[in-house]
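What you are looking at is a predicted structure, and each value in this text was computed from that prediction instead of being measured. So that the names make sense, note that chain A is the first sequence line, chain B the second, and so on, each numbered from 1.
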Amino acid sequence: MPGTYIPLNYLPVLIILIVATLVGLLPLLLGIILRPKRYYPLKLTPYESGNPPVGEPQSKFSVRFYIIAMLFVVFDVEAVFLYPWAVAYDRIGLYGFIEMIIFIFILLIGYIYVWEKKALEWE
Amino acid sequence: MELNKLDLFSIRLIAPEIILISIALILILLDLVIKRKETIAFVGVLGTLTAAYVNYKLCAMGWTGSTLLGMFAFDGYANFFKLIFYINIILTIFISLRYMVLEEASFGEYYSLILFATSGMMFMASAVDLIVLYVGLELMALSTYILVGITRRQVRSNEAALKYFFLGAFSSAFLLYGISLTYGLTGTTNLKEIASALQNLNLLENPILFLGMILVIAAFGFKIALVPFHMWAPDAYEGAPTSITSFMSIGPKAAAFAALGRVLFDAFGPMHVQWSSILIPLSVITMAAGNIIAIAQTNIKRMLAYSSIAHAGYALLGIIAGTHGGLSSMMNYMAIYAFMNIGAFAVVIMLRSKGFRGEELTDYEGLAKSHPAASALMLIFMFSLTGIPPTAGFIAKFYIFMEAINAGYTPLVIIAVIFSAISAFFYLRVVMYMYMKEPKAHVTLSTSPAIFLTIAVTAAVTLILGLFPSLLVELAKMSIAGF
Amino acid sequence: MLEYTLIPLLPLIAFVINIIFGRNYIKDKAHWVSVPAVIGSFVLAVAAFMDVQSGKVININLYRWIVSGDFNVPIGFLIDPLTAVMLIVVTSISSLIFIYSIGYMHGDKGYYRFFAYLSLFVFSMLTLVMSNNFLLLYFGWEAVGLCSYFLIGFWFDKKSAANAGKKAFIVNRFGDFGFGLGVILVFLTFGSLEYTKVFSDAGSVIGKTISIFGYEVNTITLICLLLFCGAVGKSAQLPLHVWLPDAMEGPTPVSALIHAATMVTAGVFMVARCNPLFSLSHTAMTTVAVVGGVTSIFAASIGLVQNDIKRIIAYSTVSQLGYMFLALGVGAYSAGIFHLYTHAYFKALLFLGSGSVIHALHDEMNIQKMGGLKKYMPVTYWTFIAASLSIAGIPGLAGFFSKDEILWRAYAGGDAGRWLWLLATIAAFMTAFYSFRLIFLTFHGKFRGTHEQEHHLHESPSVMTIPLIFLAIGAVASGWVGIPPLLMEHGDRIGEFLAPVLGPPKGEGSHAEEWMVMGLSVFVGLAGIFTAYIMYLKKTELPYKIGEKFQAVYKLLYNKYWIDELYDKTIVRPVLSVSEKIILGFFDAKIIEGVVNGVPNLIGAFSQRLRKIQTGMLSHYAVAMALGVLVIIGAVIFLK
């Protein structure tokens, strides 16, 4: 009943959330606790292999990285959408099929546009 | 939920939106093959006219109802606003043609984005479900962010777009938070069902629901630039290309008013006392800040930005009234405001020429001597924005004040009239500059047949609606009949 | 019946065409747009007149401008006998003056502008007379005023013309303020602005009072006096008459059309239109009669000694308007309208005739520097004579019938009327005197101008003289529709025609008295002419001697009772200095200029400070938004 709703069904999500956090944090914490702490200059360099670092770490990235990243997100979302659609395909039938065609078609136009504008080429 | 039960036939009710989006997609592809931007603009206008015609046909057949599983309403209220949107697209394209070339930002995407933004607005006007409303709002907002920054070589345009984007994202967060609180308490996102849930679940006094409503109001307040959510407006209006300033001051504002009206009347109708008590102080400070700060402006685009804030304050009176009459007077207001404001911006755009911005008030000095026709038209628009009879601006204000008085908000109307009188000060200053000062520099006008047509149409409508207001008033009343 | 809406619309269309295309395309062909339009209006007006004569009253509401609850404002026309007479007067005289202007304004650089404004004026005037409600009346009232200021200041390069336009505007503000209040009071009292409703409900308001600062004032009296304020301004009655003589700075056709025949009579028309209201207030009626009577003799006395040809006629206009108000005030509405109608013809003729003289003398206006023009300008001379005989009240001519009726009604209108009749009769003597003084000085004797001028003396072109001839016919014959029953059974056709609207005239008297009044008026008219003949043709040294002997009186009259100077000292200067100090200093310099120039002041500084909130910093904006929401939430929680 809305208003007094207790999200019992979402309890697994909460458990997963806690477990995932622990899985991420535990090894780091264990490392800090367990590893021996002996520092000397060579050990503190970014690359212990001996390569000296070149330039500032906070240098500007080329704008192309962002474009590529954005395009990646767009088509990634497309792929993510296709997944549940495929799972539920037998229940949504023809309507769902047409719907997805339209969705992909719109992205296709975007793809053509991006291609023609040469946003996919590095130079 | 059985998706197959979606009545495919009822999809026809979103035909205008489908046409508009298809045309927008086609424009993107056309941009790749056609070099002449005028052709793209022409196709855009043609597509808009088609959508408008189909919309008209659907109305004429008397089809009203909802589609998309009851999330999208096709009714008079939405159609009235869509009429404003169609006019907004066409006139914006008309005033853009030559101007965007001057700004060296004549891109095909520009026209496509205008159509995308507008289809977002149309979904907002028709949305009877908070999710559709949100999606429409985002489609509109994202397109507008890009449009504001489309003159990408100008720093102030970039700055405006970035500010608008960040604050817009901020306001979207408000809206989503408000929607989720409302959903959490009522268990639905459908406006009518929210209203019945409010009664059935006895939520009228629920503080959390109240919080949700405040957040929704704040988010729409951002779009219609209510003080204190208006901060983006002057910067974005000034930085955006003037044609987009004109577009933004009408489309998103009208769409947000449409959505706000529908949400407050349909979903939160039983809580009229509560939301009007929030909106009244908002409208007062909006009128106050908008009108008073406008006096200090020396840039006409910025002045018109504050004027647009102030007008939002007046138009809010129609919603505060909480009656159907009030709502229809707000619709009137938006329609009339669209015409007079586009007209004023069209004159501003004409002053822009190669190497000359023409955005400072001082650029208008002595304009009547060198360009009497343009000055006379600007005079009509300024009179109308002030609300001097027999221009349409007077009618807009008159009806909204009258409805507010009828609903018992006389003190509020008195305040509005006082601020309206103050507003005469900065509108008529433009007139004074044009007619009573000696020209300083020689101003050449960048005219084109399209812009000439725009100004002629807007001026004619401003005068005609001033003389025959019933044309519009009756239409608004009719549109709201089944609301 | 809808075609009658074209009567005002035709000139409006002409105005729009001329103002849009005049500058670049039409230029000196502007009359081809305006003249057909106004003649078209005339033809339609005649048709409307026929309709009304056959007993119809046309009252159409075209549409409702604003409908909102109880408040609704219709836009509509009423054509009844009163309107029909006004329509004929306005359109016929406009047509003639438009044609005359083709010749008079030929070659002026503002030719198209002149015809545009003139057309706009005709539209406004026709709207004023055809309106069926007070709001449209008010609109027309203000619009004719606006056109009048434009046209007075038509030659705006000339400083005196620009000042005269300003003066007319400001003086009329006083009257129009009262008029506006009157219209608002009508709406508050009757809940409607439509004539039919207001006039039919007028009876129900008798005896009601309004409390103003503790005084109980009769509502109807107050309404009438406020409306009459407007009439005093527009029709240049005492004490607001000062703008009209100065208005002669405008082109002569404007003086003829606006400042003699039509616009200045709007006040007379309005009072006649509102006769159901005025008739209910004895106080208001007396005020109207006294103002009219006193103005008639006051203005006529000034006219005796002036030397500017147009100003003499202007004072004559003020004086004749006084007659009309006198008639209205004693309840003889139809007599007032009858005089309005005849006066329009002979006064327009006088102005156009003087325009013809001025034209021939290259803008010379001083009659002391004219003379002997009779042989050079025969048409102008003879038409001028016709008009002057008419205004002097010589039997058989138009002015005789209308003036005689006013004098008789005043005489028959009780004790107060008797006194006003006496004033008006003296004024009639003066009228005849100054009219013929003008003629004798201008057309007779020897030419007193320069040789250069004498060399160029010529009759005006036929496009100017033909309107003069038509007007002369009007000046002679237009009175034949109002022959008093004393002379001819059913001779007063105009009175009978107007009776359904204006009612039968009041007052009684014997035939003997009526003969006496008529005889006396004819006698003073002839006496005036004879005196002028003696003084200006026979014993030309006489005026000088009289002027010497009665120097004080002469100076008083010549300086127009020093009214202009009085206003200048008591009103204009104090107001100017106050407004310069306060309004100009505060608003213009400090706010308008100050904001631009950065000079701090109250609102400007406030505004400047407020705009500082707009820092331009994104984070500030976001904080403002968040604070806004928090403040709303806080207010909701704490104020609950």
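Qualifying side chain to side chain contact (heavy atoms under 4.5 Å, CB included) partners for C:Ala14, counting only residues two or more places apart in sequence or in other chains: C:Val33, C:Ser34, C:Ala37, C:Ser119. Partners of C:Tyr112 under the ring-ring contact (aromatic ring centres under 6.0 Å, His included) rule, at least two apart in sequence or in another chain, do not exist in this structure.
The backbone N or O of B:Gly466 sits less than 3.5 Å from a side-chain atom of C:Trp65, completing a donor-acceptor pair.
For B:Pro228 against C:Gly628, the heavy-atom pair with the smallest separation is CG-CA, 3.6 Å.
Proximity of C:Met625 to B:Phe174: side-chain heavy atoms (C-beta onward) are separated by under 4.5 Å at one or more points. By the 4.5 Å heavy-atom criterion applied to side chains, C:Ile632 and B:Ile217 are not counted as neighbours. Between B:Phe229 and C:Val629, some side-chain heavy-atom pair lies under the 4.5 Å cut-off.
Neither the backbone nor the side chain of B:Ser277 has a heavy atom closer than 4.5 Å to any heavy atom of chain C. Neither the backbone nor the side chain of B:Phe426 comes within contact range of chain C, judged by heavy atoms closer than 4.5 Å. Only the side chain of B:Ile278 comes within contact range of chain C, with heavy atoms under 4.5 Å apart. For a residue to count as touching a neighbouring chain, one of its non-hydrogen atoms must lie under 4.5 Å from one of that chain's; by this rule B:Phe394 touches chain C with the side chain only. For B:Pro281, no part sits under 4.5 Å from any heavy atom of chain C, backbone or side chain.
More than 12 heavy atoms of other residues, nucleotides or ligands shown are found within 6.0 angstrom of CZ on C:Phe190. Counting non-hydrogen atoms of other residues, nucleotides and ligands closer than 6.0 Å to CZ of B:Phe398 gives a total above 12. The local environment of CZ in C:Phe139 is sparse, with at most 12 non-hydrogen atoms from other residues, nucleotides or ligands closer than 6.0 Å.
Rounding to the nearest 0.5 Å places CG of C:Leu618 at 13.5 Å from CH2 of B:Trp232. Taking OH from C:Tyr63 and CZ from B:Phe468, the interatomic distance works out to 4.0 Å, rounded to the nearest 0.5 Å.
By number of non-hydrogen pairs under 4.5 angstrom with chain C, the leading residue of B:Pro469, B:Ala218, B:Ser470 is B:Pro469.
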